[in-house]
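One structure is given here, and the rest of the page talks about it.
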Amino acid sequence: MNVRKVTKIIMLMEEKWPKPVTELNYSSPFELLLATILSAQSTDKQVNKVTKRLFKKYNQPGDFAEMKKDELAQEINSIGLYRNKSKFIIESSQLILKDFKGKVPDTRKELMRLPGVGRKTANVILASAFQKNAIAVDTHVFRVANRLGLVKTDKVVEVEKQLMNIIPEEKWSDLHHWLIFLGRRICKARNPHCNKCFLQDYCEYYNSSK
DNA sequence: AACTCGGGGCA
DNA sequence: TGCCCAGAGTT
């Protein structure tokens, strides 16, 4: 992967999306944690509807810590995996109060102690809530980075490492949002809209499948 | 590495 | 009507 090509791709993305692109709405690290847990394997339209309604009533760890799992499950049952998510949110809230003085922790190691928080979610919190330099590799980032040819690997952690090697540190946070956004809108898993893509000239997948 | 959770949106 | 979705935990 040569530097000029990477630089050009970043430039084009920056031009296309000058402001950070995210469809998760949140106004605190804790709300971002909730929104991210809720978003797992669910579409943003469903999740945004639920989070908006939820945050009007509850948006602090203390609001969830003593809630019954069935009670919260009922609040969020219009999205999938709602029993798991209810459990994750309540147990994470309890741990945040117990071990982290009521604040969402800002290290990956601590974040990953929270139930429902894996490496991907931890990196989202680090990058977006705490302005730390992390790249969250979800299915979209994984697929798009491979298709563009930014990385060549079938392992998630390797994608993260390789991206960190070729992308300037100050762009890491933006990059993971761009790749996710691109993956969802254009570079879809099946039937990607290559004809609408502004990165055609720099995409290995497009240029090898013609 | 495979399996499970899961309702709603969309073709 | 069937397929898929801003993953993580368990086995």
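Scope of the values below: all heavy atoms of this structure, side chains included, with no hydrogens, waters or symmetry mates. Proteins get letters first, then strands, A, B, ... in listed order; numbering begins at 1 in each.
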Worksheet item: Looking at B:dG6, C:dA6, B:dG8, which one has an atom nearest to any side-chain atom of A:Ser78?
Response: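 Minimum distance to the A:Ser78 side chain belongs to B:dG8.
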
Return no unless some side-chain N or O of [X] is found under 4.0 Å from OP1 or OP2 of [N].
X	N	result
A:Thr121	C:dA8	yes
A:Tyr82	B:dG7	yes
A:Arg184	C:dA6	yes
A:Lys45	B:dC10	yes
A:Gln46	B:dG9	no
A:Arg119	C:dA8	no

Atom pair distance, as rounded to whole Å: [atom1] in [X] and [atom2] in [N]:
X	N	atom1	atom2	value
A:Arg190	B:dA11	CZ	C1'	13 Å
A:Ile79	C:dG7	CD1	C1'	12 Å
A:Gln41	C:dG9	CD	P	14 Å
A:Asn48	C:dA6	CG	C1'	10 Å
A:Lys49	B:dG9	NZ	P	6 Å
A:Leu81	B:dC5	CG	P	10 Å
A:Arg185	C:dA6	CZ	P	11 Å
A:Phe88	B:dT4	CZ	C1'	11 Å

**Request:** Quote, to the nearest angstrom, the P distance that separates B:dA2 from C:dA6.
**Result:**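 The answer is 23 Å between these two P atoms.
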
(request) Would you indicate what A:Val141 reaches in the nucleic acid, counting non-hydrogen atoms under 4.0 angstrom: base, sugar-phosphate, or nothing? (result) nothing

Do the charged groups of [X] and [Y] touch, with an N to O distance under 4.0 Å?
X	Y	result
A:Lys152	A:Glu158	no
A:Arg185	A:Glu23	yes
A:Arg113	A:Glu91	no

| Do A:Thr36 and C:dG7 have a side chain to base donor-acceptor pair shorter than 3.5 Å? | no

task = May I ask you to verify whether the side chain of A:Thr22 and the base of C:dA6 hold a donor-acceptor pair under 3.5 Å?
result = yes

Item to check | Identified side chain to side chain donor-acceptor pair (under 3.5 Å) partner of A:Thr43 from the options A:Lys45, A:Gln46, A:Gln41 | outcome: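 Filter result, single survivor: A:Gln46.
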
Parallel, tilted or perpendicular, judged at 30° and 60°: which one describes the rings of A:Phe64 and A:Tyr58?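 Tilted: the ring planes of A:Phe64 and A:Tyr58 meet at 30° to 60°.
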
Between A:Val21 and A:Leu114, which has a closest nucleotide on DNA chain C that is more 5'?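 Result: A:Val21.
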
